[in-house]
Amino acid sequence: MGLFTKIRKKLTGASSASAQNQNYLKPDPLHPTLQENIQKIKETLGNSTDLMIRKIQIGKNRKYRIGIFYIDGLVDNKTIQKDIMKSLLTEILGTEVEEKISRDPLPLLKESILSVGSLKDIGDYGTFFSSLLSGETVLLVDGCEQGLALSTVGGEQRAITEPVTQTVVRGPQNAFTENIHTNVSLVRRIIKDPNLWMETRTIGRVTQTKVSVMYLKGIADEKVVEEVRQRLDHIDIDGILESGYIEELIQDNTYSPFPTVYNSERPDVIASELLEGRIAILVDGTPFVLVVPAIFVQFFQSAEDYYQRADFGLIRILRYVALALALLGPSFYVAITTFHQEMLPTTLLISLAAQREGVPFPAFIEALIMETTFELLREAGVRMPRPVGQAVSIVGALVIGQAAVEAGLVSAAMVIVVSVTAIANFTFPSFNIGISIRLLRFGLMFIAASFGLFGITVGLIAIVLHLCSLKSFGVPYLSPMAPFILSDQKDAIIRLPRWALFTRSKTTHPRNLVRQQPPQKAKPKPPKGEGS
Amino acid sequence: MVKERISQSQLFALIIFFQIGSTTLFALGIEAKQDAWIAVFIALLAGIVLVWIFTEIQKHFPHQNLAEILISVLGKWIASPLIILYALSFFWTASFNLYEFSEFMVSTFFFETPISAILFLGLLLMIYSLFLGVEVIARSGEIIFPWFLGFIIIMFLLTGISGIIKPNQLLPIMENGVMPVLKASTQVITFPFGEMVIFLMYWCYVNNQQVIRKTSIWAVIIAGIILILSLILMITVLGAQLASNESISLFKVFQKINVGNFIQRLDAIGGAILFIGGFYKGLLYLYGSRMLIQTLFNIKAKHQKWLITFLVICLFCYILLYFKDVDFYRWVGLQINNKYVYPLFQITIPIFLLVIIKLKTKGKGIKKIQRM
């Protein structure tokens with residue numbers, strides 16, 4: 001036990017880890033003279049060339065010197081020109097405001113001159129730099145120990161495009177972008193309710209990434225919201241580059257192949273999760289929004305299940321068949337050809353045996369080779385530069401498909417098994433559950449090669465036990481199957497017609513359960529008495 | 001410490017797993033020949049009475065397990081040896097259960113594999129489940145249960161449409177009078193119905209104490225019906241003589257399944273599924289044994305993993321050293337377990353316990369006893 005802790009400490013460097021605070025974030029107060037401030041700011045930023053400093057003089061006789069600071073590329077230049085420079089330089093000339101300015105410039109600037117939408121006071125270097133570096137323009141007046149931060153966030157960003165990872169045939173075709181403000185607005189445009197609450201915090205000592213927690217007040221479980229807040233506040237890290245960072249830092253169980261946090265890049269999916277009483281965590285810089293608490297069946301639900309008519313909900317069953325195939329395909333093949341040949345009908349057995357006659361490897365090695373090759377191809381397909389994509393697919397099809405069989409390295413049946421497994425793996429609406437299934441597949445293949453169907457059974461029981469032990473923010477991962485909740489079955493494995501989905505799922509403990517009028521009323525009826 | 005909870009449906013699933021568990025490997029009450037199913041039926045009725053007795057004990061002490069009940073009723077000095085005896089008997093039964101499944105696997109599928117390898121895999125799974133606790137075990141039972149039951153029913157149906165059932169094998173009914181049937185049924189009362197005594201360890205976790213008796217009795221009845229059906233299948237497919245000679249009769253029945261020359265030889269899947277029942281049975285016994293020891297010695301949460309590891313290693317070594325072969329195992333099972341061990345722990349002690357409880361509560365009311 002002691003040894004393990006030691007190794008772990010060595011690996012994580014836990015003994016030497018002590019948070020190093022960044023100097024510039026210390027709340028030193030601003031200096032009263034502009035020149036001193038400019039000096040200090042330049043020094044802190046290392047004379048970085050994208051720091052823009054404009055010194056202008058305003059007022060009667062141009063005797064008030066003002067410094068304008070912004071970072072090139074982060075700001076909207078038009079706003080700076082029109083709403084700041086122009087206001088300051090030209091619009092106050094000769095007005096009564098100009099006379100008052102000598103007394104106390106800042107409130108006057110705020111109230112009567114600057115025509116920027118939002119601004120805030122700053123008094124120290126900490127807020128100065130955080131405002132400056134997040135795209136605001138800072139205004140310092142010579143002789144004042146206060147400054148103004150003006151919201152001029154702009155610059156280039158990606159436009160809203162179609163979702164890449166979760167595509168649907170029917171349904172909204174927009175996806176989140178890298179900008180958190182855009183993402184929030186996309187959700188707000190769907191849910192126009194004052195109860196859609198949002199709180200934002202900055203996480204990451206260096207990256208200062210904005211992370212927003214969004215939930216429907218009155219529907220989301222207050223305890224879970226509080227838990228999310230606590231876990232987010234607990235994070236102390238230098239940088240957050242993707243919501244994956246947050247996911248890993250707040251998830252319940254690190255040593256599990258299964259994801260306990262759901263993510264989506266579709267605003268409609270996030271809106272529907274919010275309506276179910278779940279909590280969305282938006283992270284600046286990534287289109288992928290996290291959703292907690294997550295349950296297992298969620299990863300097998302696609303947005304389209306709700307957009308097509310109810311019969312389409314039956315397709316979900318197909319996904320569970322795909323789950324079984326993707327998880328067990330190769331291991332079943334290995335188990336049956338190695339241990340339980342008697343299970344096959346004789347003709348099939350003979351044809352299989354004929355195919356395997358020239359194959360030099362035991363079924364397990366054969367399966368392992370083919371699965372690994374496939375995983376290689378798949379990984380190559382994701383990582384390679386787009387223009388060479390053709391080459392990989394041709395090589396893949398030829399190597400896996402024909403050449404390997406003709407060369408007598410693998411049997412044709414094995415190729416079929418691997419391809420079916422692969423296709424099945426692509427049917428999951430969530431990419432991350434596919435990763436877990438891929439991992440477990442190899443484990444099951446190994447156990448099937450050693451213990452046949454008995455081994456597979458043991459493996460499956462272990463997986464079920466593990467799934468049962470998982471929780472996501474206090475919600476059992478396998479609910480509504482275990483613990484069994486009858487009323488939630490309407491939207492788990494299958495989806496009942498819309499009029500039957502009149503309560504929200506109980507699994508996430510929402511307080512406000514009723515979603516629409518009861519089914520008796522909601523069920524559409526043909527008009528009476530108008531029969532011909 | 002958060003108290004673990006299991007729900008009504010989970011209890012139901014666990015009881016059925018437990019009852020069907022390893023009993024599928026035996027042709028129960030086959031001493032009564034073709035009347036074996038009647039013997040099981042009679043035993044089922046007696047089993048219901050036993051469940052009534054067990055739940056009556058539980059009713060006086062909701063939220064207490066067997067060890068706590070024994071201590072409350074008999075006092076620490078008399079209860080402690082009894083608890084240890086119970087723990088040992090559970091451990092002993094778990095060893096029987098595991099050995100019979102490992103042996104079953106070796107003798108049917110893995111002729112070359114050493115029994116220790118199979119045992120090791122099963123115990124690995126068991127150790128994992130024990131670490132996860134009763135709530136997770138119950139939940140997993142709830143997930144697997146529909147598959148288990150569905151599979152058994154499908155197997156029965158497939159046997160039915162394979163055209164291998166000869167109903168007149170069941171005749172003549174009561175060829176030699178009632179006595180042989182009754183005699184055979186006494187064996188079946190203790191195995192599997194009397195084994196319900198282990199649920200005195202689990203009933204305390206059920207969140208709705210009112211439904212315990214109803215749920216348990218229904219579960220036992222359904223398990224009994226499945227057992228009777230499987231017996232009828234064995235007898236009608238194999239004939240009483242072959243069914244009693246065959247070491248694993250139900251398995252033999254599955255082997256004979258043949259639908260349209262395509263669905264055939266389902267014994268491998270059958271074996272794997274039967275293992276699930278056996279696994280849960282062994283698990284419940286081992287967990288019961290662990291909880292008894294844990295309660296008696298008041299072992300703290302952080303030391304529990306050592307207790308579990310120790311128990312499982314003991315079990316592994318014990319099984320490998322004790323059981324020489326199947327014949328020895330069956331002899332001990334039938335001659336010692338069924339005649340002396342099971343009746344003592346499943347019938348005699350519980351009835352005594354109930355009588356003492358009834359006498360004590362007569363004037364005082366239940367609450368006083370609990371405080372003792």
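Letters A, B, ... mirror the listed sequences (proteins, then strands); counts begin at 1.
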*Give, as side chain, backbone, both or neither, the part of B:I118 having an atom under 4.5 angstrom from any heavy atom of chain A.*
both
_Which atoms of B:I6 approach chain A - backbone, side chain, both or neither, heavy atom under 4.5 Å_ = neither
*B:S129 versus chain A, the contacting section by heavy-atom distance below 4.5 Å*: both
*Could you go step by step and tell me if A:Y477 and A:S469 meet the side-chain hydrogen bond (donor to acceptor under 3.5 Å, both in side chains) rule?*
CA-CA 8 Å; A:Y477 196 50; A:S469 73; over 6 Å; no
*asked:* Let's go through B:H63 and B:Y205 carefully: what are the C-alpha distance in whole Å and the side-chain angles of both, what is the deciding distance for side-chain hydrogen bond (donor to acceptor under 3.5 Å, both in side chains) to 0.1 Å, and is it a yes or a no?
replied: CA-CA 7 Å; B:H63 310 302; B:Y205 295 113; over 6 Å; no
*Heavy-atom pairs under 4.5 Å with chain B are the metric here; pick the option from A:C468, A:P476, A:G455 that has the most.*
A:C468
*asked:* Under a 4.0 Å threshold between the charged nitrogen and the carboxylate oxygen, would A:K223 count as salt-bridged to A:E226?
replied: no
_Taking every non-hydrogen pair under 4.5 Å, which of B:Q255, B:E142, B:Q10 racks up the most with chain A?_
B:E142
_Within 45° cone of A:F473 ring axis and under 6.0 Å: A:R231 NZ or CZ_ = yes
*So, B:Y287 side chain and B:V134 main chain: donor-acceptor pair closer than 3.5 Å or not?*
yes
_Criterion side-chain hydrogen bond (donor to acceptor under 3.5 Å, both in side chains) on A:K490 and A:T503, from CA distance to verdict_ = CA-CA 10 Å; A:K490 59 185 184 292; A:T503 52; 2.8 Å; yes
*Heavy-atom distance under 4.5 Å to chain B: side chain of A:F484, backbone, both or neither?*
both
*Considering only heavy atoms, which portion of B:A138 lies under 4.5 Å from any heavy atom of chain A: side chain, backbone, both, or neither?*
neither
